[in-house]
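Structure record follows, encoded as structure tokens.
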Amino acid sequence: QRHGGGGVQTSGMVFGGIAPNPSGSYLATAVGYDGTSWAAIPSLAAAKSNIGGGSQTNQETVFAAGGRPNYVTTTQEYNFSSTVITPGAWSSGGNMPAANMRAAAFGTLTAAVSCGGSTAPDGSNTSSNATSLYDGSSWTSSGTLNTARRGHGAGGSQTAGVAFAGSPGPSDGTNTAVTEEYNGSSWTTVNSMNTARQILGGDGTQTAAIAAGGYTGSNSAATEIYDGTNWTTSGALPSVRRFLSVNGVSTAGLAIGGETAPGSQLSVVDEFGGSSWTSGSSLISALG
């Protein structure tokens, strides 16, 4: 559970997270998805969870930023070559401006965005509105979210992003449906989602975003898609879950892993065709 993910439906990956109980240890392992099946790929350089990460293209430009244990600022990058017979590997990137967890991140390896999250220790219930930009080597602070939040979804590019849902605090029981769009320097509040939620899966672009699952007061299977103006309710996930990864866009997405309760991680993977979900090949191991 609480892992990171990136790529697209035919070239994606998940990495890090927390192992199922009774171990509960931080993981460095990573697995790649080719549209049909999962296979082990090189692990992270250091085990961690609650990772902000992603890529709009494929496995060749994935990054993993921030996370736990102890609210780290480190960034790790994954390099992959299709012409040289060497395994992919993670290398250290530039540290984030501040340690963070439950932030949302989107963009590419050389033009990434991290927004929101929590920069305070567990129990303080503090959400952040900070935004940071990554150029492939270093992070800089940018415009702040209008609604501070953690456990939210996001997608898009460094000059055309979208962030949605999450928990504004002061408690984890408080959810928001607020959506904001990013233009490269500032955020603008736009039409809200139909259902407030947090610890959901979300990805896509500013005009084709997808959100699924999460926690609305109870675990959810609801799916919503965004066209750049409005959110529309679409086909529900086959099962309720939270702490899942969603990758792709509103016409071609993946819902990966998740949990139904603490210690109840899932290995299910579902594929979205634009209106409904179908079962895909399961993960090698359960992730939440």
Side-chain angles (χ1 to χ4, degrees), residues 4-9 12 51-57 61-63 65-66 100 102-109 111-117 127-134 141-168 175-214 216 220 222-234 244-255 272 274:
V8 294
Q9 192 180 79
I51 307 165
S55 167
Q56 276 194 293
T57 52
T61 57
V62 175
F63 66 95
N100 203 337
R102 292 194 190 177
F106 55 92
T108 67
L109 184 65
V113 179
S114 174
C115 61
S127 291
S128 171
N129 64 357
T131 302
S132 300
L133 307 182
Y134 189 63
S141 296
S142 185
T144 55
L145 287 162
N146 295 296
T147 300
R149 63 187 82 190
R150 60 188 186 270
H152 49 299
S157 67
Q158 199 176 74
T159 56
V162 59
F164 42 89
S167 174
N175 301 325
T176 184
V178 171
T179 300
E180 300 184 42
E181 293 185 352
Y182 185 66
N183 64 6
S185 60
S186 61
W187 292 90
T188 302
T189 301
V190 292
N191 289 330
S192 294
M193 297 181 69
N194 295 293
T195 303
R197 63 181 91 180
Q198 61 171 299
I199 52 178
L200 71 161
D203 198 13
T205 68
Q206 195 179 79
T207 58
I210 180 172
T216 62
S220 174
T223 300
E224 296 188 40
I225 55 178
Y226 184 65
D227 62 8
T229 303
N230 298 307
W231 286 94
T232 303
T233 300
S234 190
L244 70 161
S245 292
V246 167
N247 299 106
V249 294
S250 60
T251 55
L254 286 174
F272 187 71

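Contact detail for Gly161 and Phe106: the closest heavy-atom pair is CA-CE1, 3.7 Å. Of all non-hydrogen atoms in Ala209 and Ser250, the two that sit nearest each other are O-CB, 3.5 Å. Taking all atoms of both residues into account, the shortest heavy-atom contact from Gly184 to Ser142 is O-OG, 3.9 Å. Here the shortest heavy-atom pairing between Thr131 and Thr144 reads OG1-CA, 4.1 Å. Tyr226 and Val190 get closest at one heavy-atom pair: OH-CG2, 3.4 Å. In terms of heavy atoms, Cys115 sits closest to Leu145 at CB-CD1, 4.1 Å.
Checking each of Val249, Asn247, Leu254 against Gln9 for a side-chain contact (heavy atoms from CB on, under 4.5 Å) leaves exactly one that passes, namely Leu254.
Counting heavy atoms from C-beta on, the side chains of Asn100 and Arg150 never come closer than 4.5 Å. The shortest side-chain heavy-atom distance between Val178 and Thr189 falls under the 4.5 Å cut-off. Counting only heavy atoms from C-beta outward, the side chains of Thr179 and Asn191 never approach each other to under 4.5 Å. Between Glu224 and Arg197 there is a side-chain heavy-atom pair separated by less than 4.5 Å.
One distance of note links OH of Tyr182 with OG1 of Thr159; it measures 9.5 Å at 0.5 Å rounding. Atom CG of Leu200 sits about 9.0 Å away from atom OG of Ser220, to the nearest 0.5 Å. Atom CZ of residue Arg102 and atom OG of residue Ser128 lie 14.0 Å apart, to the nearest 0.5 angstrom. For the atom pair CG (Asn183) and CD (Glu181), the distance works out to 9.5 Å, reported to the nearest 0.5 Å. From Ile199, atom CD1 reaches atom CG of Leu244 across 9.5 Å, with rounding to the nearest 0.5 Å. Rounding to the nearest 0.5 angstrom, the gap separating the CD1 atom in Ile225 from the CG atom in Asn230 is 11.0 Å.
In this structure, the side chain of Gln206 does not engage the main chain of Ser157 through any donor-acceptor pair within 3.5 Å.
Classified by interplanar angle (parallel below 30°, tilted 30° to 60°, perpendicular above 60°), the ring pair Trp231/Phe164 is perpendicular.
In the model, Asn129 has no side-chain atom that pairs as donor or acceptor with a side-chain atom of Ser127 under 3.5 Å.
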